[in-house]
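In what follows, a structure is listed as structure tokens, so that the remarks can point back to it.
Since the structure is predicted, the reported quantities are computational estimates derived from the model, not experimental observations.
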Amino acid sequence: VYRGFDEAIYLFVLLPLITSFAYSWTVCYDRSSGYITQVISRTNRKKYFLAKYIVSFISGGIIFAASVIFHFLLISMFLPAQYPVAAVGTSFVSPFSFCSELYYSSPYIFLLVWTFTAFLWGGAMVCIAIGIGMITKRYSISVILPFLIFTVQRIISDFITLRYSILIHGKTVGLSWSDMLYAAPGTTNFASYVYTNIAIVIAVPTLVFAIRGRKYECL
């Protein structure tokens with residue numbers, strides 16, 4: 001999604017909230033309503049939590065990935081296809097952007113790679129929601145907190161960036177997760193750096209979800 005349009009900016013800001021609405025809230029709702037008791041008494045607890053995790057992750061990933069595909073198809077209807085040329089300088093993809101070499105050599109493969117990356121980001125946002133959903137019984141909190149976490153993380157990262165320079169290979173990189181949601185970020189973002197941040201966002205709440213699910217007693 002091109003970040004130059006106002007609606008695209010709003011989408012990226014609200015994305016953690018939009019993805020959480022898909023399915024992740026049901027983890028918390030099942031606990032608060034007591035429905036989980038009915039399910040676990042009839043099936044294996046491990047299978048229940050694993051199914052909830054997989055479906056929630058996929059649901060969140062599809063929302064973000066689908067928005068990227070839809071935007072690409074929508075733009076293709078109005079703007080002619082133009083092969084990106086680095087020397088022209090009309091693209092927002094710099095030499096130190098996400099998979100910049102792939103963008104200029106194989107743009108359609110780049111689109112597939114970024115769609116997959118968007119899918120992972122959507123799933124990561126949902127992981128925060130389901131992790132929180134295993135701690136609180138208010139499903140409204142589990143839906144809103146991913147948005148708040150991304151917002152606070154951006155404020156803190158911008159503050160750190162103003163005071164210190166974080167360098168990778170001699171280039172200043174962005175710390176904000178919100179900036180990493182763009183295929184062409186305004187800051188330097190190597191692919192390895194982006195995927196490392198995604199892994200962290202996924203791993204922490206997943207660990208909480210797994211520990212709470214393993215120890216969960218509904219009776």
Minimum side-chain heavy-atom gap V194-W121 below 4.5 Å: yes

Pairwise side-chain contact, D158 with L162, heavy-atom cut-off 4.5 Å (strictly under): no

Rounded distance (nearest 0.5 Å) linking atom CG of L148 with atom CD1 of I144: 7.0 Å

Closest non-hydrogen atom pair between Y23 and S59, with its separation: CB-OG, 3.8 Å

Test applied, side-chain contact (heavy atoms from CB on, under 4.5 Å); reference residue, M180; option that passes from L175, T117, N189: N189

Within 6.0 Å of OH in Y139, more than 12 heavy atoms from elsewhere: no

Whether F209 and F49 hold their rings parallel, tilted or perpendicular, with breakpoints at 30° and 60°: perpendicular

From CA spacing to verdict: side chain to side chain donor-acceptor pair (under 3.5 Å), S97, Y103: CA-CA 10 Å; S97 296; Y103 174 81; over 6 Å; no

Residue pair A118 / V68: nearest heavy atoms and the distance that separates them: CB-CG2, 3.9 Å

F98 vs V113 side-chain heavy atoms within contact, under 4.5 Å: yes

I202 reachable from Y195 in the ILVMFWY side-chain graph, under 4.5 Å edges: yes

CA sep, side-chain torsions, deciding dist, call: V13, F147, side-chain contact (heavy atoms from CB on, under 4.5 Å): CA-CA 8 Å; V13 171; F147 166 74; 4.0 Å; yes

Distance-minimising heavy-atom pair for V126 and S24: CG1-CB, 3.6 Å

Within 6.0 Å of OH in Y35, more than 12 heavy atoms from elsewhere: no

Donor + acceptor pair across side chains of Y29, K137 (<3.5 Å): no

Verify same cluster id: L50, I58 (apolar side-chain graph, 4.5 Å): yes

Reported CD1-to-CH2 distance for the pair I200 and W177, which is rounded to 0.5 angstrom: 8.0 Å

More than 12 heavy atoms from other groups under 6.0 Å of CD1 on I109: no

side-chain contact (heavy atoms from CB on, under 4.5 Å) evaluation trace for I130 with F57: CA-CA 9 Å; I130 61 177; F57 190 97; over 6 Å; no

hydrophobic_cluster_shared for L73 and W114, side chain cutoff 4.5 Å: yes

Separation of C28 SG from I141 CD1 (nearest 0.5 Å): 8.0 Å

Evaluation steps, side-chain contact (heavy atoms from CB on, under 4.5 Å), between N197 and Y193: CA-CA 6 Å; N197 278 270; Y193 178 70; 3.6 Å; yes

Side-chain heavy-atom pair R45, I36 within 4.5 angstrom cut-off: no

Residue pair D30, K52: steps toward the side-chain contact (heavy atoms from CB on, under 4.5 Å) verdict: CA-CA 11 Å; D30 288 354; K52 279 288 184 181; 2.9 Å; yes

Side-chain heavy atoms of Y53 within contact of C127, under 4.5 Å: yes

Flag side-chain contact, heavy atom, 4.5 Å: F150 against R154: no

Same apolar cluster (I L V M F W Y, side chains within < 4.5 Å links), I160/I149: yes

Backbone of F159 reached by a side-chain donor or acceptor of R163 within 3.5 Å: no

Within-4.5 Å side-chain heavy-atom neighbours: S176 and Q153: yes

Heavy-atom check, side chain of F72 versus side chain of Y108, under 4.5 Å: yes

Single-linkage hydrophobic cluster, 4.5 Å side-chain cutoff, F21 and I63 together: yes

Qualifying residues under salt bridge (Lys or Arg N to Asp or Glu O under 4.0 Å), relative to R31, sequence neighbours excluded: none

Reported NZ-to-CD1 distance for the pair K46 and I40, which is rounded to 0.5 angstrom: 14.0 Å

Plane angle bin for F12 and F64 - parallel if under 30°, tilted between 30 and 60°, otherwise perpendicular: perpendicular

Minimum-distance pair of heavy atoms, taken over all atoms of V143 and L17: O-CD1, 3.6 Å

